[in-house]
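Both ligands and their constituent atoms are indexed starting at 1 by order of listing.
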Amino acid sequence: MATVCPVAPLHHGDNTSRLKITSVKTLAESSNLTSIPSGYTFSASTSDDQAVHSGHDDSIPVIDFSLFSSSNPDRRSKVVSDLAKACRDWGFFMVINHGVPESQMKAMFDMLTGFFDLTEEEKREFEGKHVLDPIRCGTSFNASVDKVFFWRDFLKVRVHPKFHSPTKPEGFSDVSAEYSGAVRKLVRGLLKGISESLGLEPGYIDEEMNMESSLQILTANLYPPCPQPELAMGMPPHSDHGLLTILMQNGIGGLQVHHGGKWVKIDPIPNAFLVNTGDHLEIMSNGKYKSVLHRAVVNNKATRISISVSNGPSADTVVIPAEQLVDGKNNRAMYIGMKYKDYLELQQSSVLDGKSGLDRVKK
Ligand code: OGA
Ligand code: NI
């Protein structure tokens, strides 16, 4: 995972070596680590006591995906309106009965644990050079521009429309192909419901966004135990670039969502997916469904692994607000069009910073 970095976070004062950044996994596993190197210290405390648990009357919405195929029209329209509310009020929701087998979810965790356990030497083969390389592993977010390093190692793989996969560990490719296909199916189902919830034809988003060639990126995040979790950050506040992100986590919490002016801790529900609306859903819905800031904090006890699949339009789609949601009066188009791949490249090559990607396309 070692990446050449202009500012080495380790061994300050040692000018003889423009050191490579070690993965946080290696750092965390080095025996006597009782404090974090200064390059990982955030100025604002990420301390858990700044975050709250969601209240009973306003907890993260849960969507039962099986109800979309219900033959009972009342149940179907109820789940569409639940989805509308979830996208409008939270931008985050859990999905249960999603149809992706538990065995496939577990197999993904096993493969990714295996990947992160490869030697640094083996992982170097998959390092990638450019932010749009189809396979890329590393540490932090974009170590060549990050001012402070995040307590996170990652693997990012483009899995659609052309499927890519690291060749190690053995079997990764089959497991990942099956899993990302199942996620794509779920996403297209959810987008149908979301189209309806916006008053559009059920197939509207699928067609306009060219989901047949959807750009799908699988990201695995590894957050090893951190000796000073209140000073470090796993992933800083950001929104996701695509339409919908599907996240699963290994039972260890750490995700916080910005909701109602506070950071809200999201406890994992076993076998459920966490779904969030991305910047491109905000653009196509002309701001009706906003992408939402979220961040990942770390802990000093257990390694957390999360696997997120970002599902966007096709790379060449120029996304603009749906014309049915725009008029010349009170609902003017709030965003200009940008090709999805150009947006992606801008976001991935910059410092990860809130919703700064969207600012570039706001009118
Ligand atoms: C992401 C993300 C959060 C997490 O991959 O975009 O926000 O909990 N991950 O790892
Ligand atoms: Ni995210």
J.: Taking only heavy atoms of L255 into account, list the atoms of ligand 1 that are under 4.0 Å away from them.
T.: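 Result: 3 (C), 8 (O).
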J.: List every atom of ligand 1 that sits less than 4.0 Å from any heavy atom of S308, numbering the atoms from 1 in the order shown and giving each element.
T.: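 Those atoms are 1 (C), 5 (O).
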J.: Just distances here: any N/O of Q249 and N/O of ligand 1 closer than 3.5 Å?
T.: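 No; the residue has no nitrogen or oxygen that sits under 3.5 Å from a nitrogen or oxygen of the ligand.
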J.: Taking the six-membered ring where the residue is Trp, are the ring centres of H241 and Y343 under 6.0 Å apart?
T.: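 Not under 6.0 Å, so no.
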J.: How about H238 and F141: are their ring centroids closer than 6.0 Å?
T.: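 H238 vs F141: aromatic centres not under 6.0 Å.
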J.: Quick one: list whatever passes side chain to side chain donor-acceptor pair (under 3.5 Å) with K339, sequence neighbours left out.
T.: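 Partners of K339 under the side chain to side chain donor-acceptor pair (under 3.5 Å) test: none.
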J.: Just verifying a value: how many Å separate L218 CG and I135 CD1, rounded to the nearest 0.5 Å?
T.: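 These two atoms lie 11.0 Å from each other.
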J.: Is the closest heavy atom of R295 to ligand 1 under 4.0 Å?
T.: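 No.
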J.: Report yes if some heavy atom in the side chain of R158 is under 4.5 Å from a heavy atom in the side chain of D133; otherwise report no.
T.: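 No, side chains not in contact.
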J.: Only heavy atoms of N221, strictly under 4.0 Å: list the atoms of ligand 1 that pass.
T.: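 So the answer, numbered in order with elements, is 5 (O), 9 (N), 10 (O).
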J.: Ignoring water, what protein N, O or S atoms are under 2.8 Å from the Ni ion (ligand 2)?
T.: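 Near the Ni ion (ligand 2), below 2.8 Å, one finds H238 NE2, D240 OD1, H294 NE2.
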J.: Is D359 salt-bridged to K355, going by a charged N under 4.0 Å from an acidic O?
T.: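 Not counted as a salt bridge, because no side-chain N and carboxylate O are separated by less than 4.0 Å.
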J.: Report yes if the distance between the aromatic ring centroids of F150 and Y40 is under 6.0 Å, otherwise no.
T.: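 Ring centres of Y40 and F150 not closer than 6.0 Å.
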J.: Applying the salt bridge (charged side-chain N to carboxylate O under 4.0 Å, His left out) test to R124, which of E120, E122, E121 qualifies?
T.: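 The single option meeting the salt bridge (charged side-chain N to carboxylate O under 4.0 Å, His left out) with R124 is E121.
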J.: Under 4.0 Å from a heavy atom of M235: which atoms of ligand 1 are those, numbered in the order shown and with their elements?
T.: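 Counting from 1, the qualifying ligand atoms are 1 (C), 2 (C), 5 (O), 7 (O), 9 (N).
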J.: Measure the distance from atom 8 (O) of ligand 1 to every protein heavy atom, then report the residue, atom name and distance (to 0.1 Å) of the closest one.
T.: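 It is R304 NH2, 2.8 Å.
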J.: Are side-chain heavy atoms of E201 and Q324 found at a separation under 4.5 Å?
T.: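 Not in contact.
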J.: Under 4.0 Å, counting heavy atoms only: does D240 come that close to any atom of ligand 1?
T.: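 Per 4.0 Å heavy-atom rule, D240 contacts ligand 1.
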J.: With heavy-atom distances below 4.5 Å as the criterion, would you say the side chains of L247 and I307 are in contact?
T.: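 Result no, sub-4.5 Å side-chain heavy-atom pair not found.
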